[in-house]
Amino acid sequence: MTRDNDATGRYNFAEIEEKWQKSWETEGLFRADEAGIGEKYYVLEMFPYPSGRIHMGHVRNYSIGDVIARYKRMRGYNVLHPMGWDAFGLPAENAAQKNNSHPATWTYANIAYMRGQLRRLGLSYDWDREFATCDPDYFRWEQLLFIEMFARGLVYQKVTTVNWCESCQTVLANEQVIDGTCWRCDQPVHPKKMNGWFLKITDYAEELLADLDQLSGWPEKVVTMQRNWIGKSTGLNCDFTVEELDCRIAIFTTRPDTVFGVTFMSIAAEHPLLDTLISGTAHEAEVRAFAERILVEKQRQSLAEEVEKQGIFTGRYCINPFNGQRVPIYVANFVLMEYGTGAVMAVPAHDQRDFEFAKKYQLPVIPVVVPEHQELSPDTMVEAATGPGMLINSGQFSGMDSLAAQQAIISHAEAGLFGKAHVTYRLRDWGISRQRYWGAPIPMVHCQTCGVQPVPHGELPIKLPEDAAGSKTCLPLHQRPDFYETTCPRCGEAARRETDTMDTFMESSWYFARFTSPGHQTGPLDKAKAGYWLAVDQYIGGVEHAILHLLYSRFFTKVLRDLGYLGIDEPFINLLTQGMVIKDGAKMSKSKGNVVDPHELIEAYGADTVRLFSLFAAPPERDLEWSSQGVEGASRFLNRVYRMIVQHRSMLENAEVIPDQLSEAGRSLHRKTHQTIRRVTESIEQNFHFNTAISALMELFNSLNASLGEDLHQRPESGVVRQAVAVLLQLLSPMVPHFAAEMWQLVGEENGLEKLPWPLFDAEAAKEDQLTIVIQVNGKVRSRLQVPADIDDNDLISLVMKDQNTVKFLEGNSPKKTIVVKKKLVNIVF
RNA sequence: GCGAGGGUGGCGGAACUGGUAGACGCACCAGACUUAGGAUCUGGCACUUAACCGUGUGGGGGUUCGAUUCCCCCCUCUCGCACCA
């Protein structure tokens with residue numbers, strides 16, 4: 001290298017990154033062990049689906065996690081930072097069919113490639129713990145857990161109307177239907193009646209809701225979304241008897257205080273009692289046609305749009321058990337069969353939907369809850385009065401406050417045995433049956449005589465049939481007699497294996513726990529190890545999993561606890577939901593054609609630059625706008641640091657001990673060094689705002705450069721310079737680990753940077769001895785003053801009063817009031 | 001409609017419990033070194049102005065000596081839920 005090249009040179013990232021990755025690997029630096037020193041810290045990023053290549057979202061997610069992992073190690077924690085693969089799923093089947101090969105081949109090839117890409121980023125994972133969820137060694141334990149859940153009554157089968165995705169040829173869970181379309185392929189989802197397996201997540205609804213209060217380390221947004229998803233409502237269940245028929249219609253209401261205002265009853269088009277109500281009546285044909293039309297329309301417009309209220313009178317009446325009133329029964333298009341009881345007592349005066357319906361079909365409106373300082377008249381009301389108030393026209397309850405009346409009315413119904421207090425949830429049980437090949441088989445056997453039987457533990461795992469017979473390999477299991485033909489584990493007679501596979505969200509619901517003991521051969525988890533590492537201290541991933549994955553994982557954690565595997569209630573103590581990577585105002589996606597392949601970036605700039613850019617461009621929770629110039633900038637910064645170090649290498653190697661007495665410039669750099677330690681540490685500790693941490697480091701570098709320009713590195717203050725450089729590299733190392741390690745070696749350090757503790761902040765050194773005090777006159781900034789830090793108020797004020805600008809802007813007036821804010825400003829008011 | 005989070009230079013973004021608005025970076029401009037430079041170095045850079053002054057954190061009002069920060073009203077963007085009885 002010539003001198004000229006040194007001055008404008010660039011560091012050889014390809015060489016040094018490979019060098020350090022090898023070194024870390026041979027040393028096993030990131031292997032985690034329960035016997036490790038220090039408090040445990042488990043940091044985890046949401047593991048990827050092995051789609052083929054990593055994308056910018058991965059880079060961002062894993063860079064954030066890696067900085068945290070490396071930082072915590074430097075802070076003396078015993079850090080667990082694992083990585084694995086969420087490897088079951090549909091794309092593998094599609095690819096296999098296309099290539100006439102097996103999904104496993106495609107999946108494991110992708111894993112191998114992507115593992116290489118992650119290694120290339122220098123991420124500090126304990127690779128010894130890696131697994132893929134399609135490894136039989138993983139899903140065998142999931143099958144075992146399924147059987148144990150079955151034994152506990154948490155698993156059942158039922159025929160329901162499910163969400164069917166025609167293009168994926170499979171059922172979807174409610175959580176996987178987004179705006180009426182499939183979460184994976186965006187195609188419309190249709191209802192279909194099918195038999196399937198369900199997990200009783202609703203058994204845990206109350207706990208899942210209540211424990212949200214513990215999650216102070218989660219973004220409020222995610223907590224709110226989960227709370228809304230669980231959707232708890234409390235109220236009254238009660239029965240209305242149908243006139244002339246021996247049947248009752250059950251309703252649920254959150255407003256028992258309005259029961260005296262019921263003027264009709266509305267039921268869903270698919271309500272099971274509808275048939276009984278209309279068969280043999282004059283209304284039958286008309287109502288049936290209406291109901292069918294509504295159901296068809298409902299399917300078509302599953303998308304969000306305001307639909308006009310429609311209904312039809314069934315010809316039947318029912319009796320309000322509270323006042324004996326006879327009210328007509330309608331079929332209405334806005335009543336949901338899936339929620340409550342599928343029938344609603346209609347109170348037009350106090351419910352907007354009922355109000356609109358009543359106006360349209362000229363049904364009476366009877367106000368029964370009058371808000372304070374208001375009068376309600378059915379003739380003048382333009383909308384429903386949904387607020388609280390005082391009861392009128394409500395028999396013995398008239399005059400009561402609506403809140404108190406709710407309780408009283410529930411008690412009244414309970415005493416009269418026609419109603420009961422009730423809690424209902426929006427959350428549905430989790431349908432986990434999928435009709436696809438590439439998933440974990442549900443370990444059940446159907447026997448003609450013995451019914452449903454779980455597979456005996458000894459026979460696990462139930463593996464997927466693997467033959468090399470070309471395109472046949474991907475056939476759904478119900479088309480594979482070689483798979484489903486079996487014998488009953490109880491009676492030994494011929495029986496049929498369950499052919500559904502499990503929803504892939506099953507695998508991701510407990511992988512974080514398996515990472516604590518990935519090789520455990522006698523059960524899903526080594527309880528001691530899981531007990532040591534869990535819960536996850538910091539979890540990082542995209543907000544798109546706010547409900548699906550995060551809710552399922554919370555549920556599984558509680559189930560694992562109840563099965564005796566875990567001693568915790570919640571899996572993730574702190575959650576960071578990182579923003580999306582955006583380009584040209586839209587999320588990077590293949591369909592929009594705005595993807596940037598991180599692979600090429602790494603080739604062009606090196607892993608450290610790519611990491612630095614993704615950390616610097618935005619705080620982690622916000623969206624990150626892609627900028628090729630921003631990457632340039634990150635690269636430029638690292639090269640500047642490199643050139644400075646190369647240029648002053650020999651001085652840095654032979655630096656003096658920091659002397660007691662420092663020149664003004666020396667003191668200034670020393671101060672900046674310690675202020676930077678404080679700023680960077682606080683940025684990371686408070687909210688992982690690496691962008692401000694990096695800007696502080698850039699400032700330190702700028703000061704350092706300026707000091708060198710002023711020949712500060714001449715003895716004896718070379719020690720100050722050296723310390724500034726050392727601190728810069730140490731603080732940079734979690735973010736740009738290869739670069740920092742190499743520069744560390746370049747300045748003559750022997751010991752590995754990764755093993756050194758985080759630098760200590762010296763408050764004394766960081767203290768300013770001169771302060772800039774702002775002078776305001778009448779609240780406007782008029783001047784600035786340099787003063788010693790320890791100046792007392794009176795001296796300060798007299799200095800301020802002598803200031804030229806103070807005098808000028810006082811315009812000869814005498815001050816009425818003087819406000820002194822310590823170390824900040826003086827405001828003179830006249 | 002309901003819920004949550006945003007709106008600060010040309011751009012990404014800073015600003016601790018009310019106290020210097022615009023740190024840091026990008027872009028841009030000027031200069032230096034150069035045969036050349038999209039390399040590198042130095043300096044400038046909210047708007048307006050020759051300068052002082054003045055104006056300025058979505059808009060309007062309020063509290064305060066002082067408001068990006070607190071309060072009220074409104075506009076707007078993003079995300080989530082969407083007839084949940």
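Partners of A:R353 according to the side-chain contact (heavy atoms from CB on, under 4.5 Å) rule, which considers only residues two or more places apart in sequence or in another chain, are A:K309, A:F334, A:D351. Contacts of A:A269 classified as side-chain contact (heavy atoms from CB on, under 4.5 Å), with partners at least two apart in sequence or in another chain: A:A291, A:I294, A:L295, A:V331. For the salt bridge (Lys or Arg N to Asp or Glu O under 4.0 Å) test, no residue two or more places apart in sequence or in another chain qualifies with A:K420. Partners of A:T692 according to the side-chain contact (heavy atoms from CB on, under 4.5 Å) rule, which considers only residues two or more places apart in sequence or in another chain, are A:S683, A:H689, A:S695. Looking at residues two or more places apart in sequence or on another chain, you find a side-chain contact (heavy atoms from CB on, under 4.5 Å) between A:M225 and A:K221, A:A546, A:I547.
Between A:R636 and B:C26 there is a side-chain N or O to OP1 or OP2 distance below 4.0 Å.
With RNA chain B read from its 5' end, the first of the two nearest nucleotides for A:F809 and A:T341 is the one closest to A:F809.
No contact: A:K232 has no heavy atom under 4.0 Å from any strand. Within the 4.0 angstrom heavy-atom criterion, only backbone atoms of the sugar-phosphate kind lie near A:N702; the bases stay farther away. Base contact: A:V335 has a heavy atom under 4.0 Å from a base atom. Backbone-only engagement by A:R782 is indicated by non-hydrogen atom pairs under 4.0 Å involving sugar-phosphate atoms exclusively.
The A:M225 side chain lies nearest to B:G80 when the options are B:A85, B:A82, B:G80. Distance from the side chain of A:Q629 is smallest for B:C26 among the nucleotides B:A23, B:C84, B:C26. Closest approach to the A:M698 side chain among B:C83, B:C65, B:G25 is made by B:G25 (side chain taken as heavy atoms from C-beta onward). Distances were taken from every side-chain heavy atom of A:V344 (C-beta onward) to each of B:C24, B:C52, B:A85; the shortest belongs to B:A85.
A perpendicular orientation is assigned to the rings of A:F13 and A:Y11, their planes being inclined by more than 60° (bins at 30° and 60°).
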Identify each donor-acceptor pair in which a side-chain atom of residues 626-637 of chain A lies under 3.5 Å from a protein atom, sequence neighbours left out, and give them as a table.
| residue | atom | partner | partner atom | Å |
| --- | --- | --- | --- | --- |
| A:S627 | OG | A:Q629 | N | 3.3 |
| A:S627 | OG | A:G630 | N | 2.7 |
| A:E632 | OE2 | A:Y605 | OH | 2.7 |

Side-chain donor-acceptor contacts of residues 820-827 of chain A below 3.5 Å, not counting sequence neighbours, with atom names and distances?
| residue | atom | partner | partner atom | Å |
| --- | --- | --- | --- | --- |
| A:K822 | NZ | A:D793 | OD1 | 2.9 |
| A:K822 | NZ | A:D793 | OD2 | 3.2 |
| A:N827 | OD1 | A:G779 | N | 3.0 |

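Side chain to side chain, A:E699 and A:Q675 fail the donor-acceptor criterion of an N or O pair below 3.5 Å.
Here, B:C70 and B:G80 have their C1' atoms 28 Å apart, quoted to the whole Å. With both ends at atom C1', the span from B:C71 to B:U64 equals 12 Å, rounded to whole Å. For the P atoms, the distance linking B:G19 with B:C2 amounts to 34 Å, nearest Å.
Screening residues 541-550 of chain A for side-chain hydrogen bond (donor to acceptor under 3.5 Å, both in side chains) gives A:Y539-A:H549, A:H549-A:S553 as the qualifying pairs, with residues at least two apart or on separate chains.
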Report, as a single string ordered 5' to 3', how protein heavy atoms within less than 4.0 Å touch nucleotides 1-14 of chain B: B base, S sugar-phosphate only, - not at all.
--SS-------BSS

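Side chain of A:T341 to backbone of A:A250: a donor-acceptor contact under 3.5 angstrom is found.
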Polar atom pairs between nucleotides 55-57 of chain B and protein, under 3.5 Å, N or O only, would you list them?
| residue | atom | partner | partner atom | Å |
| --- | --- | --- | --- | --- |
| B:U55 | OP2 | A:K780 | NZ | 3.0 |

Between protein and nucleic acid, restricted to nucleotides 19-21 of chain B and to nitrogen or oxygen atoms under 3.5 Å apart, what atom pairs and distances do you find?
| residue | atom | partner | partner atom | Å |
| --- | --- | --- | --- | --- |
| B:G19 | N2 | A:Q776 | OE1 | 3.2 |
| B:U20 | O2 | A:R784 | NH1 | 2.1 |

Map every base of RNA chain B to its dot-bracket character, where paired means a Watson-Crick or G-U wobble contact with both distances under 3.5 Å and | marks a partner outside the strand.
(((((((..(((......[....))).(((((.......))))).((......))..(((((..]....))))))))))))....

